[in-house]
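Residue indices begin at 1 and follow the sequence shown.
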Amino acid sequence: MMLVLAIVTSAVALGWMIVRSRDALRRFARHDRLPMQWGLDGRPTWRAPRAIALFFTPVLAAVSLAIPLALFAAVPAGSARQGESDAALLTVTLGMALAYVAAHAGHLWAIGRWDRAQASRP
């Protein structure tokens, strides 16, 4: 049951990030490159091609979330510590999924803010 919950949580998080990135791909179509990192002064320090900037986090999340899901399969069924292992892996998976969604939402918000600033420039 915990494995199913971990898979569903991962799938929902990845799905949300992919849908938001796809929408942002159209929203920011006027830019060839989008900011990936900002300096302390609020200005972008480097940019990446639009598709890479928008889909880097979902791809990284998919690879990273596969690790605890694979560990679920590695715990032998019926072992004395299976319940503890499953609970720990579920907690890790939920935390990772939440962190990736929050980071991606923050990145998209920051790009949107940057885009609005670019549009208001003469």
Side-chain angles (χ1 to χ4, degrees):
M1 179 64 182
M2 287 194 200
L3 174 59
V4 172
L5 184 56
I7 291 171
V8 168
T9 301
S10 298
V12 168
L14 291 171
W16 181 89
M17 288 188 285
I18 290 167
V19 167
R20 292 295 313 261
S21 290
R22 188 196 66 218
D23 293 343
L25 197 60
R26 283 182 264 136
R27 181 176 159 204
F28 303 125
R30 68 186 188 103
H31 302 288
D32 291 333
R33 299 175 71 79
L34 296 174
M36 290 294 288
Q37 183 177 10
W38 286 261
L40 294 176
D41 61 358
R43 290 184 292 184
T45 57
W46 68 281
R47 294 174 178 86
R50 187 174 61 248
I52 292 173
L54 296 173
F55 287 97
F56 176 79
T57 304
V59 169
L60 181 63
V63 171
S64 298
L65 288 168
I67 295 168
L69 295 178
L71 291 173
F72 264 109
V75 175
S79 69
R81 296 194 180 254
Q82 183 181 10
E84 294 171 15
S85 297
D86 285 357
L89 289 170
L90 178 60
T91 302
V92 167
T93 304
L94 293 174
M96 287 173 65
L98 181 61
Y100 275 115
V101 165
H104 195 55
H107 187 226
L108 293 175
W109 173 82
I111 292 172
R113 189 170 151 215
W114 170 82
D115 180 54
R116 288 187 298 281
Q118 297 300 307
S120 67
R121 284 184 157 173

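How far CE of M17 is from CG of L60: 9.0 Å, rounded to the nearest 0.5 Å. For the atom pair CE of M36 and CH2 of W46, the computed distance is 4.5 Å after rounding to the nearest 0.5 Å. Atom CG of L98 and atom CG of L94 lie 8.5 Å apart (nearest 0.5 Å). In this structure, CG in L40 is found 10.0 Å from OG1 in T45, a value given to the nearest 0.5 Å. In this structure, T9 OG1 and L90 CG are separated by 6.5 Å, a value rounded to the nearest 0.5 Å. In this structure, CG on L54 lies 10.0 Å from CZ on R27, to the nearest 0.5 angstrom.
Each ring-ring contact (aromatic ring centres under 6.0 Å, His included) pair with one or both residues in residues 13-33, not counting sequence neighbours, appears once here: H31-W114. The salt bridge (charged side-chain N to carboxylate O under 4.0 Å, His left out) analysis of residues 100-120, with sequence neighbours excluded, yields the pairs R30-D115.
Across H107 and A53, no two heavy atoms sit closer than the pair CE1-O, 3.4 Å. In terms of heavy-atom proximity, A97 sits nearest to L65 at N-CD2, 3.9 Å.
H104 has its side chain within reach of S21: a pair of non-hydrogen atoms, C-beta onward, lies under 4.5 Å apart. Counting heavy atoms from C-beta on, the side chains of T93 and S10 come closer than 4.5 Å.
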- Mind running side-chain contact (heavy atoms from CB on, under 4.5 Å) on L89 and M2 for me, showing each step along the way? CA-CA 9 Å; L89 289 170; M2 287 194 200; over 6 Å; no
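Hydrophobic clustering, with ILVMFWY side chains joined whenever heavy atoms are under 4.5 angstrom apart, groups V101 together with V92. Hydrophobic cluster membership differs between L14 and F55, with clusters built from Ile, Leu, Val, Met, Phe, Trp and Tyr side chains linked at under 4.5 angstrom.
Y100 and T57 share no side-chain donor-acceptor pair at under 3.5 Å.
By the 6.0 Å contact criterion, CZ on F56 is open, its count of non-hydrogen atoms from other residues, nucleotides or ligands being 12 or less.
Contacts of D41 classified as side-chain hydrogen bond (donor to acceptor under 3.5 Å, both in side chains), with partners at least two apart in sequence or in another chain: R43.
One N or O on the side chain of R33 and one on the backbone of R47 form a donor-acceptor pair closer than 3.5 Å.
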